[in-house]
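For ligands, and for the atoms within them, numbers begin at 1 and follow the listed sequence.
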Amino acid sequence: MTQITNHMPTRELQALDAAHHMHPFTADAELAEKGARIITRGKGVYLTDSEGQQILDGMAGLWCVNVGYGRKDIAEVAARQMEELCYYNTFFQTSHVPAIALAAEIAKLAPGDLNHVFYAGSGSEANDTNIRLVRRYWDVKGQPEKNIIISRKNAYHGSTMGGGSLGGMAGIWAQGGLPIPNIVHIGQPYWYGEGKDMSPEEFGLMRARELEAKIEELGVDRVAAFIGEPVQGAGGVVIPPATYWPEIQRICDKYGILLIADEVITGFGRTGNWFGSQTFGIKPHIMTIAKGLSSGYAPIGGSIVCDEIAATVGGAGDFNHGYTYCGHPVAAAVALKNLEIIQEEKIVEHVKNVAHPYLMERWKALEDHPLVGEAALVGLMGSIALTPNKATRAAFASEAGTVGYRCRERCFANNLVMRHVGDRMIISPPLVITPSEIDILIERATKSLDECYAGLKSDGLLKAG
Ligand SMILES: *Cc1c(COP(=O)(O)O)cnc(C)c1O
């Protein structure tokens, strides 16, 4: 077999990558021309690439490497589990210790009566499970017509047929015949971009009440559930106005529809509490989890399900659903070790009491930059709205995303991973980030914003649309 290693020249690796590897959410032809940036190592909050550059990962991979890269203790747990029991399934009345121990631990950490875990391999799969779970629930209750799920425009719930349909992203719907039937979408609580002259509080209420109007329009006997991310992540770190979630909760309670909190990003400390639902006062019947559950050390996700749904669905014969890798022993052992680390190192407390307050102070100061209309942060999820006119919160005249892309390229060149969503810049660094690492993040972000601003100026792109 040909050995392909970290020691090969970057150009050779890029050529092989372009020849054989189809990338997610990527124009492969365009990437082939440019060549992928090849990451070879990770330690703490830093990545190393094949050119030996040290990159501060402001996104924790894809919002997942919460305990930081390069943990030997997690690697050892994985190796031990592979030797002891590399795989067994949880179908057909069998179980194993990692799946049992992790479910018990998750039930302990999750609020209220969220005491049951249905495993998946990812967040997308878990949301597919949720579609089937809530429909099955109402079916068993004798209301099979109660099968519509209400979600939101610009939500992200994954990229499978189910997850992509729950999500509200036009780019995903445009390819492959999505959304699937009986999933409908209301407006998002994105005040900065859509709130116009309303106050954030008024706007939050208005967008929440679209849920009530939609339930009335469809008829409550048709609506199974509402799903939302406590804070929209991939949609651009949209932190809802304070009025939004209490009103959504009131409406779900009033009509007795199920509430699914997609905690794939917000779960396990990201917002400064164990779950985003705690930060925003949400009482969900189901939580979707993935990403931070294992800090990305192994692919695993799941649904945390309340007593009532678990008893109803479990009490009605087989639930005809499952994945080969439900509760995979290596992934479960890794996730359990990750949860142990979060508790022993008091990482949630670190976010709440150290990293968030310090980053908040430095992040907010970026609002003095001429390009920045708003810098927002909850826990360690942050956004910067780029604008040509701070007073009006105007969008740029250029096609949406042009400026954001240019800014991201400057960040990349300055060895900082920040992502752009349209013309918003977003961060979600490892939860273990220290104040001195935050200083480096801010220094590189500022330099990148400066360079982006200068470039826009010289290219005549500082115009409002
Ligand atoms: C990433 C994400 C998903 C999908 O998870 P995958 O593991 O990529 O399938 C679902 N919901 C939210 C909120 C996410 O951020």
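- Nearest to atom 9 (O) of ligand 1 among the protein's heavy atoms is S124 OG, 2.5 Å.
- Between E210 and R152 no salt bridge is recorded (no basic side-chain N to carboxylate O distance below 4.0 Å).
- When only non-hydrogen protein atoms are considered, atom 11 (N) of ligand 1 lies nearest to D262 OD2, 2.7 Å.
- The residue W63 has no part lying near ligand 1, judged by heavy-atom distances below 4.0 Å.
- Atoms of ligand 1 found under 4.0 Å from any heavy atom of Y156 (numbered from 1 in listed order, with element): 1 (C), 2 (C), 3 (C), 11 (N), 12 (C), 13 (C), 14 (C).
- By the 4.0 Å N-to-carboxylate-O rule, D253 lies too far from R250 to be salt-bridged with it.
- Here the two rings, on H356 and W363, have centers that are 6.0 Å apart or farther.
- Taking every non-hydrogen atom of I265 and a distance limit under 4.0 Å, the qualifying atoms of ligand 1 come out as 15 (O).
- By the 3.5 Å distance cut-off applied to N or O atoms, E125 is not counted among the residues near ligand 1.
- Residue K291 touches ligand 1 through its side chain alone, judged by heavy-atom distances below 4.0 Å.
- Here H157 has backbone heavy atoms under 4.0 Å from ligand 1, and that is the only part of it that gets that close.
- A salt bridge links E105 with K108; the closest basic N to acidic carboxylate O contact falls under 4.0 Å.
- Atom numbering of ligand 1 starts at 1 in the shown order; those under 4.0 Å from a heavy atom of E229 are 13 (C).
- G123 CA, 3.3 Å is the protein heavy atom nearest to atom 5 (O) of ligand 1.
- Side-chain N or O atoms of W191 include none that pairs as donor or acceptor with a backbone N or O of E201 at under 3.5 Å.
- For E374 and R393, the salt-bridge test fails: no basic side-chain N is under 4.0 Å from an acidic carboxylate O.
- Not counting sequence neighbours, the partners of R132 by the side-chain hydrogen bond (donor to acceptor under 3.5 Å, both in side chains) test are H321.
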